[in-house]
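Taking it in order: structure first as C-alpha cells, then the write-up.
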Amino acid sequence: MSASPVLAPTDRRYGDRVNVSRRAVLRFDGKAEEVDVEDLASDGCRIRAATELEPFAAVSIGLAGIGHTPARLIWRSGDLYGCAFEQRLPLGAAMPGITDNVARLPESTEPRAGASEDEPKYSLRARVAIIAGLSLALWAPILGAVALLF
C-alpha cells in the first residue's frame with residue numbers, strides 16, 4: 001500500500017462510545033483481517049489494525065452480535081483508525097457488541113469426564129441398530145393399543 005497521510009481524529013460523534021476491546025473481522029479490498037475494536041458507538045468505532053489501511057476507504061466491520069456493518073475510515077493515528085458506519089446502528093443494536101456474548105469452549109486437551117480412551121466405540125451400523133431397536137420398543141405399546149382398538 002502506498003504511504004498515506006495521517007489524519008487527525010475528529011470528534012463529531014452522535015452517541016457515547018463504550019470501550020469494548022473485542023476482536024472483529026475487517027473486510028476491505030477483497031481481503032479480510034482480524035482487528036481489535038477498542039470502542040463502539042451507534043455511529044462508528046475505533047479499531048486497531050496490523051495492516052496499513054487507506055484513509056477514507058470503504059470497509060465492512062464484522063462484530064459478534066452485530067454482524068457486518070459497512071463503514072468508512074475517517075481518521076488514522078498510527079495503527080488506530082476511526083470508522084464511521086454508513087448507517088447508524090438501530091437503537092440497542094450496539095449492546096450485543098459491547099457485552100461478552102460469545103461462547104468460548106475450553107481449550108483443554110484432557111479427555112471428557114467419564115470418557116475413556118480404551119472404551120470401545122460402536123460402529124455406525126451398531127448405533128443405527130440401537131436407535132431403531134429403542135424406537136420400536138417405545139412405539140410397541142402404542143401400536144399394540146391401536147391394534148386392540150380395531
Side-chain angles (χ1 to χ4, degrees), residues 1-139 142:
M1 243 178 227
S2 64
S4 37
V6 175
L7 304 172
T10 59
D11 198 3
R12 291 180 274 161
R13 61 185 74 142
Y14 293 103
D16 291 332
R17 292 189 183 266
V18 178
N19 290 333
V20 291
S21 298
R22 300 284 304 270
R23 296 293 283 170
V25 176
L26 182 74
R27 296 187 190 281
F28 59 97
D29 294 332
K31 303 174 201 163
E33 175 183 329
E34 281 196 18
V35 296
D36 292 312
V37 176
E38 297 201 342
D39 64 31
L40 178 67
S42 62
D43 60 333
C45 63
R46 181 178 66 210
I47 62 170
R48 183 178 301 274
T51 301
E52 184 176 330
L53 304 167
E54 291 294 324
F56 307 108
V59 297
S60 174
I61 300 168
L63 189 62
I66 295 176
H68 277 277
T69 304
R72 187 156 303 276
L73 301 175
I74 57 171
W75 61 264
R76 174 181 172 215
S77 178
D79 61 350
L80 292 174
Y81 294 86
C83 303
F85 298 141
E86 287 184 11
Q87 292 184 348
R88 294 183 73 195
L89 297 176
L91 186 62
M95 189 54 67
I98 295 169
T99 58
D100 190 17
N101 62 350
V102 179
R104 290 179 179 82
L105 297 175
E107 296 183 19
S108 173
T109 57
E110 297 176 19
R112 295 185 327 260
S116 165
E117 287 185 23
D118 55 342
E119 200 173 292
K121 294 186 178 182
Y122 295 108
S123 68
L124 178 61
R125 179 176 286 176
R127 287 183 271 171
V128 169
I130 291 169
I131 292 170
L134 287 173
S135 296
L136 283 173
L138 292 172
W139 277 98
I142 296 171

Can you name the residues that form a side-chain contact (heavy atoms from CB on, under 4.5 Å) with S123, not counting sequence neighbours? R125, A126
For F85 and S42, run side chain to side chain contact (heavy atoms under 4.5 Å, CB included): C-alpha distance rounded to whole Å, both residues' side-chain angles, the deciding distance at 0.1 Å, then the answer. CA-CA 8 Å; F85 298 141; S42 62; over 6 Å; no
Go through it in stages, so that I can follow the logic: the residues are L40 and I66, the test is side chain to side chain contact (heavy atoms under 4.5 Å, CB included), and I'd like the CA-CA distance, side-chain angles, deciding distance and then a yes or no. CA-CA 11 Å; L40 178 67; I66 295 176; 3.8 Å; yes
Once rounded to the nearest 0.5 Å, what's the spacing between atom CZ of F28 and atom CD of E33? 5.0 Å
Tell me whether Y81 contacts the main-chain N or O of L53 through its side chain, where contact means a donor paired with an acceptor under 3.5 Å. yes
Distance check, rounded to the nearest 0.5 Å: C83 atom SG versus R46 atom CZ? 11.0 Å
Non-neighbouring partners of L124 that pass side-chain contact (heavy atoms from CB on, under 4.5 Å), sequence neighbours left out: R127, V128
Give a yes or no on whether a salt bridge exists between D36 and R22, defined as a side-chain N under 4.0 angstrom from a carboxylate O. no
Mind checking side-chain contact (heavy atoms from CB on, under 4.5 Å) for A24 and listing every partner two or more places apart, or none if nothing turns up? V35, V37, I61, L63
Sort and list the pairs that fulfil side-chain hydrogen bond (donor to acceptor under 3.5 Å, both in side chains) and have at least one residue in residues 57-67, not counting sequence neighbours. S60-H68
Closest non-hydrogen atoms of L80 and W75, given as atom of the first, atom of the second and distance, are O-CZ3, 3.9 Å
Rounded to the nearest 0.5 Å, the CD1 atom of I47 sits from the CG atom of D39 at a distance of 11.0 Å
Taking all heavy atoms of F56 and all of I74, pick out the closest pair and write down the distance. CE2-O, 4.0 Å
Test side-chain hydrogen bond (donor to acceptor under 3.5 Å, both in side chains) applied to R48 - qualifying residues, sequence neighbours left out: E38, D79
Who passes side-chain contact (heavy atoms from CB on, under 4.5 Å) against A32, sequence neighbours left out? V25, R27
